[in-house]
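This report refers to the structure that appears directly beneath it.
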Amino acid sequence: MTLASDKELVLQLQSGCLEALGFLYDRHRNSVYRTALAITGDGDAASDLLQDVFLRLYRFACRIDPQRPLEPWLYRMTTNLSYTWVKRNHRWLRPLEDLMDWISGGDENHPYAQAELHDDWHHVQQAVSALPLQQRIVVVLYYLNDLSLQEISEILEVPVGTVKSRLHYGRNALKKSVGLHKELVPDLSYERS
Amino acid sequence: MNDLSDEYIRQSLKNWAARHTPPSAERAHLLLMASSYQNSRQEAPLSRKERYEYIAPLRHECLKTERSLESITQTRIWWFFNTPLRNMA
């Protein structure tokens, strides 16, 4: 790992330094991969999108302003590519894939998968996967990446009100799916301290 | 203000995500792709199919070398086990 800041690494990247790309990859790969995985729900797709995001970072490094933080650029690229992937991936193929998994035994017999199936985490992730795509993206950016409404609004290039609305509906759907008790959930003020 | 359900959702998602990490081979693949792009200065192919086609000739070259070495080695082994030398060893 390097102690160089993102800004310094982006400047090196702009002069064609491959090593800088490796350092940036090491630093941000997990957040990019997990964001893509939470949106697409597909490990192979998340790996592909991870590659695409960093290849684009390399190709378009000269267009990036090193004075500004890099994370919003990475999140924007990840969400855009994930959105396109989900839209392209035919929904009717999923039941067929599930059927094939069921016939072949799938990975569910694996002890690790068995343990995950009984986790609350898994239920929440399943509920997030079932959300409409635009709500899912906002929910992932807000809860998983700890971004503020303003940051999400800038990344997605939509008004803050739209982000609030998507988060509100997404959150309500999650509450229903996961079975959170009403009394635990007072009316929400979204701004985080 | 964060309430309990917000925290529950946040922690659950984070815990779920923490279990997933990208495959380790992806880094080398990325750097290979980037260096190919740097050398060629052409548009780097981005789709999975394109990427495979882009990498495939490189793999093919490696395999060709490996195969030629393999055939020489196998021939020598065959020759060793099928000549009187075997009895002398």
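Just so it is clear: chains get the letters A, B, ... in the order the sequence lines come, proteins before strands, and each one is counted from 1. FYI, side chains are in, hydrogens and waters are out, and symmetry mates aren't considered; it's all heavy atoms of this structure. Please read all numbers here as calculations on a predicted model, not as lab measurements.
Atoms OH and CZ, from A/Tyr142 and B/Arg10 in turn, are 5.5 Å apart once rounded to the nearest 0.5 Å. The CZ atom of A/Phe54 sits 15.0 Å away from atom CE of B/Met33, with the distance rounded to the nearest 0.5 Å. With values rounded to the nearest 0.5 angstrom, A/Leu50 atom CG is found 11.5 Å from B/His29 atom NE2. One distance of note links OG of B/Ser12 with CD of A/Gln125; it measures 11.0 Å at 0.5 Å rounding. Here the straight-line distance linking atom CH2 of B/Trp16 with atom CG of A/Leu37 works out to 3.5 Å at 0.5 Å rounding. Note: B/Leu30 CG to A/Leu55 CG = 5.5 Å, rounded to the nearest 0.5 Å.
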- Show the numbers, then the answer: is there a side chain to side chain contact (heavy atoms under 4.5 Å, CB included) between A/Arg171 and B/Asp6? CA-CA 8 Å; A/Arg171 185 175 179 274; B/Asp6 266 331; 3.2 Å; yes
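A/Trp85 and A/Tyr33 fall within the same hydrophobic cluster, defined by Ile, Leu, Val, Met, Phe, Trp and Tyr side-chain heavy atoms under 4.5 Å apart, directly or through other members. Connection of B/Leu31 to A/Leu24 is established within a shared hydrophobic cluster, with ILVMFWY side chains joined at heavy-atom distances below 4.5 Å, either directly or through further cluster members. Taking hydrophobic clusters as Ile, Leu, Val, Met, Phe, Trp and Tyr residues chained together by side-chain heavy-atom distances below 4.5 Å, A/Trp73 does not share a cluster with A/Leu11.
Nearest heavy-atom pair across A/Arg34 and B/Ala17 is NE-O, 2.9 Å. B/Lys14 and A/Leu144 make their closest contact through NZ-O, 3.1 Å (heavy atoms, listed as atom of the first residue, atom of the second, distance).
With a 6.0 Å radius and a threshold of 12 heavy atoms from other residues, nucleotides or ligands, B/Gln11 has its CD atom above the threshold.
Remark: the backbone N or O of A/Gln51 is not paired with any side-chain donor or acceptor of B/Glu26 at under 3.5 angstrom.
Under the 3.5 Å distance criterion, with hydrogens and angles disregarded, no donor-acceptor pair is assigned to the side chains of A/Arg29 and B/Thr21.
Proximity to chain B (any heavy atom under 4.5 Å) is restricted, for A/Tyr25, to the side chain, taken from C-beta onward.
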